[in-house]
Amino acid sequence: MEWADELAARVIGPQVVNDSKTPSGTVHVGSLRGPVILDVITRALRAAGHETTLLYGVDDLDAMDAQALLTPDAIERSMGVPLAHIPDQVADGHASYARHHAQVFIDLFADLGVKPDRYYWMSDIYPTGAMDPFIRTALDRAHVVRDLYRRVSNVQHQDTWHPVLVICGTCGRVGTTIVTKWDGERVFYECRENLVTWARGCGASGWVSPFGGAAKLPWNLEWAAQWSLFGVTIEPCGKDLATAGGSRDRSDAIAREVFEREPPINVPYEFLNVGGKKMSTSKGRGTAAHRIVEVLPPEPLRTLMLRTRPNTAIDFDPEGTDAVPRLFDEFDRLGSAVAGREVKGELPAGFASIFKYALRDPGADFEAEAAAFRPSFSHLAFLIQVPGADVPALMATEKGSALTPHETAILDERLAAARVWLDDYAPERARMRVQEAMPDAAAALDAEQRAFLATLAEDDAARTGDEWQAAIFATAASGGLPAGRAFAALYAAFLGRTSGPRAGWLLASLDRAFVVARLREAAAGGTLPV
RNA sequence: GGGCCCGUAGCUCAGCGGCAGAGCAGGGGACUUUUAAUCCUCGUGUCGUGGGUUCGAAUCCCACCGGGCCCUCCA
């Protein structure tokens with residue numbers, strides 16, 4: 001966790017932290033690592049006394065180059081068109097495909113506690129003319145850009161190539177155009193049919209002014225121009241961009257040599273993989289960002305992103321594992337330690353800052369948050385499967401006093417998450433189910449346990465959970481059977497496992513005739529002489 | 001062709017020059033009413049492999065092996 005505080009200690013003066021994203025489709029959990037890192041850096045800077053602005057941009061004039069999320073009839077029409085100009089594929093009121101996907105992603109930010117001071121959309125910025133000076137500089141220095149691409153990335157453009165992408169006046173595509181001449185005010189562009197394999201240009205060409213939104217800068221130049229336009233001082237980026245000779249190196253060089261400005265401090269970060277593999281929404285691997293928040297509230301989710309240094313890959317697989325409960329446990333453990341309660345084992349270095357930065361609200365009183373009662377997620381996941389359990393009452397008992405409104409909110413949040421977890425993620429062993437037929441496990445019961453079950457079945461009067469519980473203990477005691485083995489017999493007979501929920505409540509929730517029949521069946525099974 | 005990350009206990013990982021660690025899982029034990037709670041207890045693992053540096057290496061250097069990702073189209 002020291003990484004953010006160290007960064008904050010290293011810089012001088014006001015800071016502008018920036019990131020931007022191309023809204024090309026549905027995003028997965030891994031995509032949230034960037035925004036969380038951005039937010040933690042911002043919080044660390046502010047904690048260190050730096051005046052800090054957090055910006056988040058949407059590169060929505062980028063060309064559509066993935067057809068996965070387009071309807072079949074839209075593919076031919078939309079490939080190569082700026083994302084901001086493609087109609088939303090979902091009829092839910094967004095102005096464009098870009099707005100839809102960007103908004104779904106951005107909506108998650110606030111819930112996660114990531115609150116940029118300003119969002120900007122490139123489709124809004126270009127028409128204002130704010131990018132014009134950079135477009136002009138890029139065109140004037142086209143030879144520098146070409147030289148730099150060759151030198152830094154070994155990319156060889158033709159001598160006539162100019163670093164501007166015109167939005168074709170005829171077909172509206174931006175991914176298919178190339179500029180070959182610049183006269184100081186206008187550029188000559190061609191919308192070529194075969195410039196790229198993934199989209200087909202219309203063949204138009206002509207002289208046009210590249211200013212005021214008629215054209216955009218290619219990605220690497222746009223990135224560097226954003227740094228100049230907004231005065232960006234720190235910008236993390238994913239390792240896909242940070243690789244040697246890759247995008248970041250190109251943009252750094254462009255900033256220095258074309259726009260004559262030092263690039264921002266880079267904080268390269270690794271990906272968040274699932275089962276050791278890259279997440280890919282289109283391949284159905286990994287969980288969509290908007291889905292994971294259903295099962296992971298901000299604190300455990302931020303804990304996942306924060307506890308690991310940015311340059312280390314995180315492996316996270318919520319499906320069929322206890323990864324989710326463990327994140328809750330880990331966060332709770334940090335909180336306990338911060339609150340001065342005794343915790344088992346060693347604590348990570350800087351555990352208090354991990355806890356503090358994991359909180360959703362940057363202004364929260366973190367000591368009060370640490371002191372708050374947080375029910376164990378695993379315990380809740382278990383309790384909600386117990387018929388008739390009054391969970392809020394049980395939690396108040398566990399805490400030793402009534403829950404505060406804030407604690408009740410935490411409880412409700414966790415209950416909702418626990419239900420989602422049990423439905424969609426939990427391993428089979430976390431789910432319990434009353435067995436329709438006699439479980440095999442019941443065959444292993446010994447004579448004493450069978451006698452206990454038989455005795456328990458003698459009285460078939462209706463009982464409440466408490467009464468069942470009392471009856472279990474009394475019956476076990478009268479037969480000289482330790483309570484533990486008595487319960488084990490019941491779990492074997494009904495659940496087919498060695499442990500379970502408070503048995504009394506479980507039995508009380510079931511049909512009385514069924515209970516008695518099962519008890520007798522289990523008591524009789526296997527004891528007959530062979 | 002190039003770059004980055006990882007390889008330490010069953011799992012997830014910490015340690016990054018000074019006696020191999022934690023959590024979880026698992027084993028054992030305690031408990032006549034929180035029985036998947038709570039408490040106690042149990043870890044010799046070629047620290048991926050081979051060299052090197054050092055009084056001393058999981059830790060630094062080199063090479064290699066394995067896993068993963070990325071760049072060399074576009075963004």
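Bear in mind that the values here come from a model prediction, so they are computed numbers and not experimental data. Proteins get letters first, then strands, A, B, ... in listed order; numbering begins at 1 in each.
Between A:H101 and A:Y97, the ring planes are tilted. Angles from 30° to 60° get that label.
When distances are taken from the side chain of A:T312 to each of B:C6, B:C69, B:C74, the shortest belongs to B:C6. In this structure, the nucleotide among B:U35, B:C13, B:G68 sitting nearest to the side chain of A:Y491 is B:U35. Of the candidates B:C4, B:C74, B:A75, B:C74 carries the atom nearest the A:W198 side chain, counting heavy atoms from C-beta on. The side chain of A:E270 lies closest to B:C5 when the candidates are B:C5, B:U12, B:G15. Across B:U33, B:G23, B:C70, the shortest atom-to-atom separation from the side chain of A:R333 is found for B:G23. Nearest nucleotide to the A:R326 side chain, out of B:A75, B:C5, B:C24: B:C24. Picking from B:A75, B:C11, B:C13 the nucleotide with the shortest atom distance to the side chain of A:W219 gives B:A75. Side-chain proximity of A:F271 to B:C70, B:C11, B:C5: nearest is B:C70.
For the P atoms, the distance from B:U72 to B:G48 is 33 Å, rounded to whole Å. Across B:U49 and B:C55, the matching C1' atoms stand 26 Å from one another, rounded to whole Å.
For B:C47, there is no paired nucleotide, since no Watson-Crick or G-U wobble pair has both relevant distances below 3.5 Å. The nucleotide B:G26 finds its pairing partner in B:C42, both defining distances of the Watson-Crick or G-U wobble pair being shorter than 3.5 Å. In this structure, B:U35 forms no base pair with any nucleotide, since neither Watson-Crick nor G-U wobble geometry is met with both distances under 3.5 Å. Checking B:U53 for Watson-Crick or G-U wobble geometry (two distances, each under 3.5 Å) identifies no partner in any strand. With a 3.5 Å ceiling on both atom-pair distances, the Watson-Crick or G-U wobble partner of B:C69 is B:G3.
Counting only distance, with no hydrogens or angles, the side chain of A:E270 and the backbone of A:P310 share no donor-acceptor pair below 3.5 Å. Of the possible polar contacts, one joining the A:R450 side chain to the A:A522 backbone as a donor-acceptor pair under 3.5 Å is found.
Within 4.0 Å of A:L490, counting heavy atoms only, lies no atom of the nucleic acid at all. When heavy atoms are screened at a 4.0 angstrom cut-off, A:D322 is found touching the sugar-phosphate backbone but no base atom. Residue A:L241 is in base contact, counting any heavy-atom pair closer than 4.0 Å across all strands shown. Contact annotation for A:S247: base contact, defined as any heavy-atom pair under 4.0 Å involving a base atom.
By the criterion of a centre-to-centre distance under 5.5 Å and near-parallel planes under 30°, the ring of A:F473 forms no stack with the base of B:U32.
Rounding to whole angstrom units, CD of residue A:E330 and P of B:A22 are separated by 16 Å. Separating the CZ atom of A:R309 from the C1' atom of B:U12 is a distance of 15 Å, rounded to the nearest angstrom. Rounded to whole Å, atom C1' of B:U35 lies 13 Å from atom CG of A:L506. Between A:D329 atom CG and B:C11 atom P there is a gap of 20 Å when expressed in whole angstrom units. Distance, A:N266 CG to B:C70 P: 18 Å, rounded to whole Å.
Contact check on A:R326 versus A:D329 returns no salt bridge, with no Lys/Arg side-chain nitrogen under 4.0 Å from an Asp/Glu carboxylate oxygen. A salt bridge links A:E407 to A:K399: one of the charged nitrogens lies within less than 4.0 Å of a carboxylate oxygen. Using a cut-off of 4.0 Å between Lys/Arg side-chain N and Asp/Glu carboxylate O, A:R99 and A:D124 are scored as salt-bridged.
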